[in-house]
Amino acid sequence: MSSDSTISIVWIYPDLLSTYGDRGNLLILARRAALRGLPVQTMEVRSDQALPTTADIYLLGGGEDGPQALAAQRLIADRGLHRAVAQGSVVFAVCAGYQLLGGSFFAKGTQYHGLDLLDFRSDRGPARAVGELGGPIDPRLGLPPLTGFENHGGRTHLGTGVSPLARVTTGVGNDGATEGAWRGKLLGTYSHGPALSRNPALADLLLRWATGYDTLPPLDDTWADRLRAERMAATAVS
Ligand code: GLN
């Protein structure tokens, strides 16, 4: 956090990476911080602008293949996200944005370099994965199960330097067995929804990573809990 304790949050490339309501993740983080009286500054940085290198949280959303490839080229040329990660910023990335954090990914049949920030690579699966996605999250993160919606053609193969975010009980995620990845304060998922509206505890984890606070005051999550319960019941294996 900056010296005046303001949490700065950057939405990366709204012009390229903002499918399936992922920008809602920015609104949710800002709202959950503000409800705790934590000052927040949000910023949307278009792909023709340089990324700030010292923000607290960076968010990446989903994107179609073409915009995803362009985003990769611009982020690699910019290096701002690499600098931010090196100085300890939090990164939360969804779908195309998640794939971008790895070593490589496929878009429109061509392999592209990723940002090489996490140890995984993505290729294409036999069929597009579309539908509900969920499962228990890595117990070290202390979170309730993940619930979300996925829509992607890529599959992601994790290396040894990264941990899966969750085990898949509904949907496909990385490969039908695991979903998402995390290491340090970098976390990626295939979950849209937007992810943080369906997983408020995950939003709070990102805020705790950004602030260094061990706990945050609880909020009234009645509506989010109802949504979670409804979605989990709808996908429960009978
Ligand atoms: N273009 C990527 C894929 O299909 C990501 C899609 C998305 O972000 N929804 O795998």
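Numbers for residues simply follow the sequence, beginning at 1.
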Inset, instruction - Look only at the side chain of Arg124 and the backbone of Gly109, and say whether a donor-acceptor pair between them is shorter than 3.5 Å. - result: no

Legend entry - CD-NE2 distance between Gln87 and His82, expressed to the nearest 0.5 angstrom: 14.0 Å

Legend entry - Leu216 vs Arg208, side chain to side chain contact (heavy atoms under 4.5 Å, CB included): CA-CA, chis, key distance, verdict: CA-CA 7 Å; Leu216 290 169; Arg208 283 191 280 114; 3.8 Å; yes

Legend entry - Same apolar cluster: Leu141 and Tyr190, side chain cutoff 4.5 Å: no

Inset, instruction - Could you walk me through whether Glu44 and Leu26 pass the side chain to side chain contact (heavy atoms under 4.5 Å, CB included) test, one step at a time? - result: CA-CA 9 Å; Glu44 301 201 12; Leu26 176 70; 3.8 Å; yes

Inset, instruction - Might you confirm whether atom CZ of Arg128 has over 12 heavy atoms from other residues, nucleotides or ligands at distances under 6.0 Å? - result: yes

Inset, instruction - Applying side-chain hydrogen bond (donor to acceptor under 3.5 Å, both in side chains), name anything that partners Thr54, two or more places apart in sequence or on another chain. - result: none

Legend entry - ring pair (Phe, Tyr, Trp, His ring centres under 6.0 Å) partners for Phe149, two or more places apart: none

Inset, instruction - Calculate, to the nearest 0.5 Å, the distance between atoms CG and CG belonging to Leu143 and Asp138 respectively. - result: 9.0 Å

Inset, instruction - Output all residues satisfying ring pair (Phe, Tyr, Trp, His ring centres under 6.0 Å) with Phe92, sequence neighbours left out; order by chain, then residue number. - result: none

Inset, instruction - Kindly indicate whether the side chain of Leu100, heavy atoms from C-beta on, has any atom under 4.5 Å from the side chain of Leu75. - result: yes

Inset, instruction - State the CG-CG distance between Leu59 and Asn25, to the nearest 0.5 angstrom. - result: 6.5 Å

Legend entry - Minimum side-chain heavy-atom gap Leu70-Tyr13 below 4.5 Å: no

Inset, instruction - For the residue pair Ser104 and Gln111, confirm or rule out a side-chain donor-acceptor distance under 3.5 Å. - result: yes

Legend entry - Met43-Val90 co-clustered via ILVMFWY side chain contacts under 4.5 Å: no

Inset, instruction - Verify, without hydrogens or angle tests, whether His192 (side chain) and Pro194 (backbone) share a donor-acceptor contact under 3.5 angstrom. - result: no

Inset, instruction - For Glu132, check side-chain hydrogen bond (donor to acceptor under 3.5 Å, both in side chains) against everything at least two apart and list the hits. - result: Arg198, Arg231

Inset, instruction - Just jot down the side-chain hydrogen bond (donor to acceptor under 3.5 Å, both in side chains) partners of Asp175, sequence neighbours excluded, or say none. - result: none

Legend entry - Arg140 side chain near Ser163 side chain, heavy-atom distance below 4.5 Å: yes

Legend entry - Side-chain donor-acceptor contact under 3.5 Å, Asn174 with Arg155: no

Legend entry - N/O donor-acceptor pair under 3.5 Å between Asp56 side chain and Ala210 backbone: no

Legend entry - Shared hydrophobic cluster, Val85 / Tyr98 (ILVMFWY, side-chain heavy atoms < 4.5 Å): yes

Legend entry - Under 4.5 Å side-chain linkage, directly or through intermediates, the cluster mates of Val172: none

Inset, instruction - Check the pair Leu60, Leu101 against side chain to side chain contact (heavy atoms under 4.5 Å, CB included), reporting the backbone distance first and the verdict last. - result: CA-CA 10 Å; Leu60 285 156; Leu101 298 183; 3.9 Å; yes

Inset, instruction - Give a yes or no on whether the backbone of Gly161 and the side-chain of Asp119 come within a donor-acceptor separation of less than 3.5 Å. - result: yes

Legend entry - Within-4.5 Å side-chain heavy-atom neighbours: Thr19 and Glu64: yes

Legend entry - Connected-component partners of Leu35 among ILVMFWY, side-chain separation under 4.5 Å: Leu219

Legend entry - Inter- and intrachain pairs under ring-ring contact (aromatic ring centres under 6.0 Å, His included), touching residues 154-187, at least two apart: none

Inset, instruction - Measure from the side-chain N and O atoms of Arg228 to the backbone N and O of Pro145, and report whether any donor-acceptor pair falls under 3.5 Å. - result: yes

Legend entry - Close side-chain approach of Val40 and Thr6, heavy atoms under 4.5 Å: no

Inset, instruction - For residues Lys185 and Ser89, determine if any side-chain heavy atom of one lies less than 4.5 Å from a side-chain heavy atom of the other. - result: no

Legend entry - Cluster overlap Leu17 with Trp11, hydrophobic side-chain contacts below 4.5 Å: no

Inset, instruction - Measure the OG-CG distance between Ser191 and Asn199 for me, rounded to the nearest 0.5 Å. - result: 5.5 Å

Inset, instruction - Indicate yes or no for a side-chain donor-acceptor contact from Ser122 to the backbone of Gln99 under 3.5 Å, with no hydrogens or angles considered. - result: no

Legend entry - Qualifying residue, where the test is side-chain contact (heavy atoms from CB on, under 4.5 Å) with Glu179 and the options are Ile137, Leu146, Thr169, Thr170: Leu146

Inset, instruction - Return the set of residues passing ring pair (Phe, Tyr, Trp, His ring centres under 6.0 Å) with Tyr58 (not counting sequence neighbours), or none when no residue passes. - result: none

Inset, instruction - Not counting sequence neighbours, which residues clear side-chain hydrogen bond (donor to acceptor under 3.5 Å, both in side chains) with Thr42? List them please. - result: none

Legend entry - OG1-CG distance between Thr53 and Leu81, expressed to the nearest 0.5 angstrom: 10.5 Å

Legend entry - Where at least one partner belongs to residues 26-43, residue pairs that pass salt bridge (charged side-chain N to carboxylate O under 4.0 Å, His left out), sequence neighbours excluded: Arg32-Asp204, Arg32-Asp221, Arg36-Asp204

Legend entry - Any side-chain heavy-atom pair of Leu29 and Ile7 under 4.5 Å: no

Inset, instruction - Give a yes or no on whether Val91 and Leu202 share a hydrophobic cluster (residues Ile, Leu, Val, Met, Phe, Trp, Tyr; joining criterion: side-chain heavy atoms under 4.5 Å apart). - result: no

Legend entry - Close side-chain approach of Pro164 to Leu158, heavy-atom, < 4.5 Å: yes

Inset, instruction - State which residues pass ring pair (Phe, Tyr, Trp, His ring centres under 6.0 Å) with Tyr112; sequence neighbours excluded, sorted by chain then number. - result: Phe105

